Each structure stands twice: as C-alpha cells, then as structure tokens.
Amino acid sequence: MDDQRTLVQTRPLILGAQTVAEYVWRPHLPNTLSPRPFLHPVRTLAGTVVTELMPPDHRHHLGVSLAVPDAGGANFWGGRTYVRDQGSLPLPNHGVQRHHRWEATAPALIAHELHWIGPDGSTLLREHRRIAARPVDHRAWALDFRYTLQNHTPEPLVISSPGVKGRTGAGYGGYFWRAPRGRNAVKILGPGASGAEHLHGSDAPWIALCAADAEPWTLVFIDIAAQRDPWFVRGGDYVGVGPALAWTKPLTAAPGDGPRRRIITVVADGDLAPRAIERLVEAVAASPAPREA
C-alpha cells in the first residue's frame with residue numbers, strides 16, 4: 001500500500017490561504033476504472049466535502065472528472081461497456097488519460113495537456129484542460145473547468161454513449177460530478193423546475209444540488225459553453241450531475257478537431273433557497289472571465 005501511495009501525485013487548488021480541492025493528476029487505479037485525473041476531495045469554504053471517490057455502487061466514479069464511455073471504441077468512463085441489444089458487458093477496452101505536460105500552474109490554477117490512450121497504446125485524443133478556483137462571496141467559491149478535445153487519429157473519431165446505443169436516458173459522458181448522498185435526500189433544482197425526473201435530459205442553463213444535512217451545502221452547475229449539452233442527472237440510486245456530450249446522437253470529431261466545453265460549478269455552504277441560487281448564477285455570469293493561462 002505504501003508503494004502504491006507513492007505513485008499517486010496531486011496538486012492542491014488554493015483560494016486565499018485555503019485548500020478547496022485536491023487534483024489527483026497522476027492516480028494509481030485499476031485499469032478497469034479507466035484511470036484519469038480527478039478532483040477529490042472538493043470542499044466548501046467551511047470544509048465540508050462535496051465529492052465522493054470510488055463509492056461501492058460505482059467504483060469508477062472519481063469525484064469530479066472528465067470521462068466518456070466510448071471514444072473510438074475505447075472506454076474512458078470505467079466499468080462495463082454498453083453494447084446495443086446485449087446490455088453492459090465487461091470488455092477489455094479501457095483507456096487511460098495520461099498527463100503530458102503542464103501549461104500553467106498557480107495556487108488557484110492548473111492547466112495541462114493530457115493524452116487519451118486506447119487499449120492498444122495508441123493516442124486517440126489530445127486534451128487541453130484548465131481548472132481554476134474563483135472567489136464568489138463569503139460562503140461560496142467557483143470551480144471553473146474548461147477543456148478542449150482534439151482527435152489525434154487520421155480518421156473521424158466518434159464519441160458515443162449507452163444513450164446513443166439504445167439505453168434510454170443513459171447518454172452520460174463528459175464533465176461529471178459524483179456528489180455525496182448525505183443523511184437527507186439531496187434536492188435537485190433548476191430554473192422553474194425540481195427533481196431529476198424533470199431536469200434529466202433538459203437543456204436548463206443551470207442545475208443545483210442542495211443538501212440539508214448537519215453541514216448543509218449547495219452545488220450549482222452552470223453550463224456556459226457555446227453549445228449547451230443535455231444534463232445527465234441522478235438523485236435516486238446515487239447523486240451525480242454532468243452535461244452530456246453524446247445524449248442520443250454521437251459526436252463525431254474530424255482529425256485535429258473536437259469539442260470545447262466550459263462548466264462552472266459554484267460550491268456553497270448552506271442549503272440555499274432558489275432565489276439565492278439564482279443570485280449566485282447571476283453573480284458568476286456577470287463576473288469577468290479569468291485571464292487565459
């Protein structure tokens with residue numbers, strides 16, 4: 001175990017004098033989990049942890065990560081692979097995201113290039129990722145996560161999902177946040193709507209998770225990419241949120257091309273009311289974008 005721990009390498013995200021998240025950029029994980037960098041633990045300003053790592057129900061859920069279940073036939077999500085008309089199967093098709101080089105680092109900023117390696121050792125995608133911690137107010141901060149994926153192969157590369165292959169409502173893949181369940185049910189809110197049944201698959205501009213626990217917290221996910229993706233939302237068997245790159249249709253990237261996305265997640269203390277959430281969204285949207293690294 002000690003030898004395994006020495007292989008794991010992390011960088012903290014520090015806002016002011018406080019570490020608000022740990023970024024595990026070189027993890028030590030089984031191949032079946034599709035090893036990739038992730039953020040865990042992510043904390044509120046009061047220190048409450050709002051991510052889960054390798055929970056028993058889905059060992060391949062890694063805090064906050066960028067993961068897709070099918071890119072060029074490789075599984076970069078972890079776990080089983082959904083095959084049309086056959087269901088989820090344990091296939092030897094797992095890929096890995098490997099750090100290539102740092103582009104910028106600072107206490108509140110991490111930017112690097114990663115290579116997405118398929119099971120045969122070939123590079124399928126190059127990624128440029130930028131993660132920044134931004135202050136919001138006395139009770140909240142924002143995780144600004146943006147990425148660009150570029151097809152590194154000489155042919156068009158297809159990004160797909162179980163939803164594309166016929167599994168209704170399972171179009172997951174992209175930026176994904178696995179949140180704690182908490183002792184009380186986590187409320188799921190959106191503009192003028194509530195509940196996963198109403199927000200799952202929607203194109204709402206934001207989704208919020210609110211936990212009324214002893215240490216209450218609220219997460220507000222704001223998709224401000226040029227192209228808004230449908231939301232994948234879970235609140236029953238587990239709690240997780242992320243905008244989906246390939247909901248019911250595959251995303252095909254030409255050589256050298258691919259999706260660019262930006263998601264801001266507000267991490268707040270307290271079980272916030274809808275109007276307070278709306279004010280946070282307005283404040284984040286009105287703030288100037290951070291200077292590019």
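Since this is a predicted model, take the numbers as computed values, not measurements.
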Exercise for the section: Give a yes or no on whether the backbone of Ala196 and the side-chain of His200 come within a donor-acceptor separation of less than 3.5 Å. Expected result: no
Exercise for the section: Return each pair, listed once, that meets salt bridge (Lys or Arg N to Asp or Glu O under 4.0 Å) where at least one residue sits in residues 31-53; pairs must be two or more places apart or across chains. Expected result: Glu52-Arg178
Problem - Closest contact, heavy atoms only, Ile277 versus Ala208 - result: CD1-CB, 3.8 Å
Problem - Any side-chain donor near an acceptor of the partner, Tyr23 and Arg129, under 3.5 Å - result: yes
Handout entry: salt bridge (charged side-chain N to carboxylate O under 4.0 Å, His left out) between Arg134 and Asp144, worked out
Key = CA-CA 7 Å; Arg134 299 169 50 188; Asp144 192 333; 3.2 Å; yes
Handout entry: Thr19 OG1 to Ile14 CD1 distance, which is reported to the nearest 0.5 Å
Key = 4.5 Å
Practice task
May I ask you to decide if Leu125's main-chain N or O and Thr123's side chain share a donor-acceptor pair within less than 3.5 Å?
Solution key: no
Handout entry: Point-to-point distance, once rounded to the nearest 0.5 Å, from CD1 of Ile264 to CG of Leu280
Key = 12.0 Å
Completion exercise
Here the pair of heavy atoms bringing Asp137 nearest to Leu45 is O-CD1, 3.8 Å
Exercise for the section: Name all pairs fulfilling the ring pair (Phe, Tyr, Trp, His ring centres under 6.0 Å) condition that reach into residues 260-286, sequence neighbours left out, sorted by first residue then second. Expected result: none
Problem - salt bridge (charged side-chain N to carboxylate O under 4.0 Å, His left out) against Arg234, all qualifying residues, sequence neighbours excluded - result: none
Practice task
Kindly say whether Val164 contributes a backbone atom to a donor-acceptor pair with the side chain of Ser160 at under 3.5 angstrom?
Solution key: no
Exercise for the section: Could you pull out all residues at least two apart from Ser161 that satisfy side chain to side chain donor-acceptor pair (under 3.5 Å)? Expected result: none
Handout entry: Ring center gap for Trp77 and Phe176 short of 6.0 angstrom
Key = yes
Practice task
Please round to the nearest 0.5 Å and tell me the distance separating atom CG of Leu143 and atom CG of Leu39.
Solution key: 6.0 Å
Handout entry: Side chain Trp231, main chain Ala204, donor-acceptor under 3.5 Å
Key = yes
Problem - Intermediate values then yes/no, side-chain contact (heavy atoms from CB on, under 4.5 Å), Glu127 and Gln97 - result: CA-CA 9 Å; Glu127 180 194 347; Gln97 296 174 19; 4.2 Å; yes
Completion exercise
Applying ring-ring contact (aromatic ring centres under 6.0 Å, His included) to Phe76 and not counting sequence neighbours gives Trp116
Problem - Separation between CG of Leu62 and CG of Leu53, rounded to the nearest 0.5 Å - result: 6.0 Å
Handout entry: Over all atoms of both residues, closest heavy-atom pair of Ala193 and Leu199
Key = CB-CD2, 3.9 Å
Problem - Shared hydrophobic cluster, Ile224 / Val266 (ILVMFWY, side-chain heavy atoms < 4.5 Å) - result: yes
Practice task
For Thr51 and Val42, indicate whether the former's side chain and the latter's backbone hold a donor-acceptor pair under 3.5 Å.
Solution key: yes
Practice task
Flag the pair His40 / Trp177 as yes when their ring centroid distance falls below 6.0 Å, and as no otherwise.
Solution key: no
Practice task
Give a yes or no on whether Glu215 atom CD has more than 12 heavy-atom contacts from other residues, nucleotides or ligands under 6.0 Å away.
Solution key: no
Handout entry: Arg181: salt bridge (charged side-chain N to carboxylate O under 4.0 Å, His left out) partners, not counting sequence neighbours
Key = none
Practice task
Enter the distance from Ile207:CD1 to Thr265:OG1 here, rounded to the nearest 0.5 Å.
Solution key: 11.5 Å
Handout entry: Polar side-chain atom of Ser34 near backbone of Gly78 as donor-acceptor pair, under 3.5 Å
Key = yes
Exercise for the section: I would like to know whether Val20 and Val267 meet side-chain contact (heavy atoms from CB on, under 4.5 Å); could you show each step before the answer? Expected result: CA-CA 10 Å; Val20 292; Val267 181; over 6 Å; no
Handout entry: Carboxylate-amine/guanidinium contact Asp271 Lys187, below 4.0 Å
Key = yes
Practice task
Could you please spell out the steps behind the side-chain contact (heavy atoms from CB on, under 4.5 Å) verdict for Phe232 and Tyr175?
Solution key: CA-CA 10 Å; Phe232 179 79; Tyr175 174 88; over 6 Å; no
Problem - Counterpart residues, side chain to side chain donor-acceptor pair (under 3.5 Å), relative to His128 (two or more places apart) - result: Glu103
Exercise for the section: Indicate yes or no for a side-chain donor-acceptor contact from Asp223 to the backbone of Ile263 under 3.5 Å, with no hydrogens or angles considered. Expected result: no
Problem - Spacing of CG belonging to Leu272 relative to OG1 belonging to Thr218, to within rounding of 0.5 Å - result: 3.5 Å
Exercise for the section: Please check if Val284 and Val281 belong to a single hydrophobic cluster, counting links between Ile, Leu, Val, Met, Phe, Trp and Tyr side chain heavy atoms closer than 4.5 Å. Expected result: yes
Handout entry: Residues forming a side chain to side chain donor-acceptor pair (under 3.5 Å) with Trp206, sequence neighbours excluded
Key = none
Handout entry: Trp102 six-ring face occupied by Arg11 cation (under 6.0 Å, within 45°)
Key = yes
Exercise for the section: Using distance alone, with no hydrogens and no angle criterion, decide if His152 and Gln150 have a side-chain donor and acceptor under 3.5 Å apart. Expected result: no
Handout entry: Pair Arg275 + Glu278, salt bridge at N-O below 4.0 Å
Key = yes
Exercise for the section: Please answer whether the main-chain N or O of Gly79 pairs with a side-chain N or O of His94 as donor and acceptor at a distance below 3.5 Å. Expected result: yes
Practice task
Would you confirm whether the ring centroid of His100 sits within less than 6.0 angstrom of the ring centroid of His112?
Solution key: no
Problem - For Gly166 against Tyr82, the heavy-atom pair lying closest together - result: C-OH, 4.3 Å
Practice task
Verify the cluster assignment for Leu114 and Leu109: are they in a single hydrophobic cluster under the rule of side-chain heavy atoms below 4.5 Å apart?
Solution key: no
Practice task
Report yes or no: do Tyr238 and Phe38 belong to one cluster of Ile/Leu/Val/Met/Phe/Trp/Tyr joined by side chain heavy-atom distances under 4.5 Å?
Solution key: no
Fill in the blank from the handout: Those residues at least two apart in sequence (or on a different chain) that pass salt bridge (charged side-chain N to carboxylate O under 4.0 Å, His left out) with Arg84 are none
Exercise for the section: Could you state whether Trp247 and Phe221 fall into the same hydrophobic cluster, counting links through intermediate Ile, Leu, Val, Met, Phe, Trp or Tyr residues with side-chain heavy atoms under 4.5 angstrom apart? Expected result: no
Practice task
Measure the acute angle between the ring planes of His60 and His58, then classify it against the limits of 30° and 60° as parallel, tilted or perpendicular.
Solution key: perpendicular
Handout entry: Pairs meeting criterion salt bridge (Lys or Arg N to Asp or Glu O under 4.0 Å) with involvement of residues 148-165, two or more places apart
Key = Asp70-Lys165
Handout entry: Nearest atoms (heavy-atom pairs only) where Pro243 meets Asp229
Key = CB-CB, 4.0 Å
Exercise for the section: Say whether, by atom type as modelled, one donor and one acceptor occur between the side chain of Arg80 and the main chain of Leu89 under 3.5 angstrom. Expected result: no
Practice task
Go through the structure and list residues passing side chain to side chain donor-acceptor pair (under 3.5 Å) with Ser202, not counting sequence neighbours.
Solution key: none
Exercise for the section: For Glu22, check salt bridge (charged side-chain N to carboxylate O under 4.0 Å, His left out) against everything at least two apart and list the hits. Expected result: none
Problem - Side chain Arg139, main chain Asp269, donor-acceptor under 3.5 Å - result: no
Exercise for the section: Identify the heavy atoms of Pro250 and Val158 that sit nearest to each other, and give their distance. Expected result: CB-CG1, 3.6 Å
Problem - Min side-chain heavy-atom separation Ser122-Ile117 under 4.5 Å - result: no
